[in-house]
Amino acid sequence: MEARRRENKLKVADESVKASDALPLPLYLTNAFFFTLFFSVVYFLLLRWREKIRNSTPLHVVTLSDIAAVLTFVASFIYLLGFFGIGFVQSIIIPRAPLEDVTDDEDEISDFDRLMVKEDSPKIPCAAAAPKSDDLKIEKIEVTDEQDEEIVKSVVEGKIPSYALESKLGDCRRAAAIRREALQRITGKSLEGLPLNGFDYESILGQCCEMPVGYVQIPVGIAGPLLLDEHEYSVPMATTEGCLVASTNRGCKAIYASGGATSSLYRDAMTRAPVVRFPSAKRAAELKLFLEDPLNFETLSMVFNSSSRFGRLQSIKCAIAGKNLYIRFSCSTGDAMGMNMVSKGVQNTLDFLNNQFPDMDVMGISGNYCSDKKPAAVNWIEGRGKSVVCEAVITGDVVKKVLKTDVASLVELNMLKNLTGSAMAGALGGFNAHASNIVSAIYIATGQDPAQNIESSHCITMMEAVNDGKDLHVSVTMPCIEVGTVGGGTQLASQSACLNLLGVKGANKEAPGSNARLLATIVAGAVLAGELSLMSAIAAGQLVKSHMKYNRSNKDVASMKS
């Protein structure tokens, strides 16, 4: 009896009590009844008014049946207008007591497992009654289910770990809504404006993002067509920087008008470099010699390749620091970006080497000699992922008409800015105007790891006057484009659509790895277009003007003028 009394108190006091409990009929029957009643009354009134018009009877002359029909129409309309009218009916039938009148009791919130097997637990996800508006900026999510309210309180009080909601509930959307509400109560900060609805939370479970509370919207623009290797591509770019897509699009136009660009992929190898330690530097040197001996490579490659269908060992290079040895494995990875694939192969090889060198102590599967998500000379020199060079010859007429500058100015600016200026700054792989802009935008749109923009944006832009100085030869060399078309974020609906637009969605069954390689060349081609356009804008003195036009709202411009 005491447990029932506490449960009843929670039902009365909870502001998000389930409104449909106020109705004697199930929700779907109630909705069906009012829908039928509304349209039946409308049909009856239309027939009556048509009859009066035909008989020249004044419309204000009504019978009892007309009055009853009008009242029924108003009642059913109020129900539908109030999102099935449940909230209105609830406020009349069951007045709500303020939360302050209910005393807190630790025993009032049962443990999580009891909540999950509660016989009368509703089957609808929390926040299901939240209005679904096209304008997600004003979306407001409220926990409206009694059982979910108890779970929220348990999360807030630390009785249920937030990270366990998906596994316990079995409903990722519901878990995200509960976590979101608990976060708002804990922090006292509103998440209004962060969308929750309209996303497949099942698709990210266990592989893309943990403990989600919503998703961030990033607009996607299209640059192109990019004419690359005699094929046209519409390049998706996810960005919040005004002028970026427009500028890249102008570069694509210049390349197209000049006959297109060509690309060459000259290396394809993902790397992982563990660090191992020995009792002496001599033993570390012995392993280095063993690994770099061509006679041992076949055995090592067999061990490495046994971990994957697509991972194939290409080379091993070592660097020694006292008793520590850094072993850089390079391998092809098919259409995957390949970090997990190469790591599995490395682990297999380390297990094999432990039998040959029992005194070897593996300090870490990654020793930063790879080098992942960090600017490093080893990547700039040796390459990582896909290494691509892309070039085009832009005619003098196109330079003048489309890019609004001239060949000599571009060549001189490139030498002073991208080459000399970057050298003066001590740049590492940053001999370009803004390769990172294009790489990041395409990476986000196609589900790549945006953190790998650091090494993927290594690029040197070269410009040279050709054909007696009339035309411009421009190229970008990018040794570390790290992309894949399977795994990670590439499987999400939006990112998958962008990959499909480029014709590189998923794995290529006929030629494994060709989709990822094609994506890398498209990235380089888009960077070429972006470099060409931005350098032209700077040479022509248009940079500030274009950003004022595309990268500021009218309100911002007006305030600056004032």
Side-chain angles (χ1 to χ4, degrees), residues 265-374 376-387 452 455 479-484 486-487 507 511-514 516-517 520:
L265 189 146
Y266 58 92
R267 183 167 47 220
D268 182 7
M270 181 50 65
T271 64
R272 174 63 83 195
V275 53
V276 298
R277 175 178 291 177
F278 285 89
S280 66
K282 180 180 179 181
R283 286 290 289 165
E286 290 175 0
L287 177 57
K288 182 179 187 297
L289 295 174
F290 176 86
L291 292 172
E292 294 180 347
D293 187 341
L295 297 177
N296 298 324
F297 183 79
E298 184 177 354
T299 301
L300 294 172
S301 63
M302 289 179 60
V303 174
F304 185 99
N305 297 346
S306 65
S307 65
S308 170
R309 290 183 299 161
F310 302 105
R312 293 294 178 265
L313 184 64
Q314 293 183 357
S315 65
I316 302 175
K317 293 187 177 181
C318 301
I320 192 170
K323 299 188 296 181
N324 306 303
L325 185 66
Y326 297 83
I327 312 169
R328 195 171 193 258
F329 293 83
S330 300
C331 79
S332 59
T333 57
D335 283 306
M337 185 270 290
M339 287 300 302
N340 292 332
M341 192 181 300
V342 67
S343 294
K344 287 194 299 181
V346 167
Q347 188 62 58
N348 268 18
T349 308
L350 291 176
D351 293 341
F352 170 78
L353 291 174
N354 260 325
N355 295 327
Q356 305 293 323
F357 295 85
D359 54 343
M360 180 183 74
D361 187 9
V362 179
M363 304 304 296
I365 190 69
S366 175
N368 275 8
Y369 186 54
C370 313
S371 175
D372 187 43
K373 301 181 177 68
K374 291 166 284 293
V378 67
N379 290 339
W380 176 240
I381 297 170
E382 299 289 343
R384 189 171 194 257
K386 276 71 174 170
S387 300
Q452 290 183 320
E455 61 263 41
C480 310
I481 301 179
E482 300 168 349
V483 293
V486 296
S514 60
R517 289 191 288 270

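All of these numbers come straight from a predicted model, not from anything done at the bench. Note that the numbering runs from 1 along the sequence shown for the chain.
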Exercise for review: Please check if the side chain of K288 supplies one atom and the backbone of E286 the other of a donor-acceptor pair under 3.5 Å.
Suggested key: no
Q. How about E455 and S371: do any of their side-chain heavy atoms sit closer than 4.5 Å?
A. no
| request: In sequence, state the C-alpha distance, the side-chain angles, and the governing distance for S366 and R272, and then conclude on side-chain hydrogen bond (donor to acceptor under 3.5 Å, both in side chains). | output: CA-CA 6 Å; S366 175; R272 174 63 83 195; 3.2 Å; yes
Of all heavy-atom pairs linking A336 and K386, the shortest is O-NZ, 4.2 Å
Closer than 4.0 angstrom, basic N to acidic O: yes or no for R328 and E382? no
Next item on the list: In sequence, state the C-alpha distance, the side-chain angles, and the governing distance for I365 and L350, and then conclude on side-chain contact (heavy atoms from CB on, under 4.5 Å).
Entry: CA-CA 9 Å; I365 190 69; L350 291 176; 4.0 Å; yes
Interatomic distance, CZ@F304 vs CD1@I316, rounded to 0.5 Å, equals 8.5 Å
### Message
Set out, in order, the CA-CA distance, both residues' side-chain angles and the distance that settles side-chain contact (heavy atoms from CB on, under 4.5 Å) for Q347 and S307, then state yes or no.
### Response
CA-CA 9 Å; Q347 188 62 58; S307 65; over 6 Å; no
Sorted by chain and number, sequence neighbours left out, side-chain hydrogen bond (donor to acceptor under 3.5 Å, both in side chains) with T271 holds for R384
CG (L300) and CG (L295) are apart, to the nearest 0.5 Å, by 11.0 Å
- Item | Over 12 foreign heavy atoms within 6.0 Å of NZ, K317 | no
On a heavy-atom basis, the closest approach of A285 and I320 is N-CD1, 3.6 Å
Checklist line | Side-chain heavy atoms of D335 within contact of F310, under 4.5 Å | finding: no
Salt bridge (charged side-chain N to carboxylate O under 4.0 Å, His left out) test vs D359 passes for just one of R283, K282, R277, namely R283
Sorted by chain and number, sequence neighbours left out, side-chain contact (heavy atoms from CB on, under 4.5 Å) with V303 holds for N348, T349, F352
Original post:
Donor-acceptor pair, R309 side chain versus S306 backbone, under 3.5 Å?
Top reply: no
Handout entry: Side-chain donor or acceptor of E482 paired with backbone N/O of K373 under 3.5 Å
Key = no
When every non-hydrogen atom of C370 is compared with those of A273, the smallest separation belongs to SG-N, 3.1 Å
Value for OG (S343) from CZ (F329), rounded to nearest 0.5 Å, stands at 11.0 Å
Check: Quick one: does Y369's side chain get under 4.5 Å of V275's, heavy atoms only?
Finding: no
Rounded to the nearest 0.5 angstrom, the OG-CG distance for S387 and L265 is 7.0 Å
Residues P274 and V346: closest non-hydrogen pair is CG-CG1, 3.7 Å
I327 and C318 have their tightest heavy-atom pair at CG2-SG, 4.1 Å
d(Q356 CD, T299 OG1) to nearest 0.5 Å is 9.0 Å
Are any of the side-chain heavy atoms of C480 and W380 separated by less than 4.5 Å?
no
Please examine the side chains of Q452 and D372, heavy atoms only from C-beta on, and report whether any two atoms are closer than 4.5 Å.
yes
message: Could you walk me through whether L353 and L291 satisfy the side-chain contact (heavy atoms from CB on, under 4.5 Å) test, starting with their C-alpha distance in whole Å, then the side-chain angles of each, then the deciding distance to 0.1 Å, before giving a yes or no?
response: CA-CA 10 Å; L353 291 174; L291 292 172; 3.8 Å; yes
dist S332:OG -> N305:CG (nearest 0.5 Å) comes out at 8.0 Å
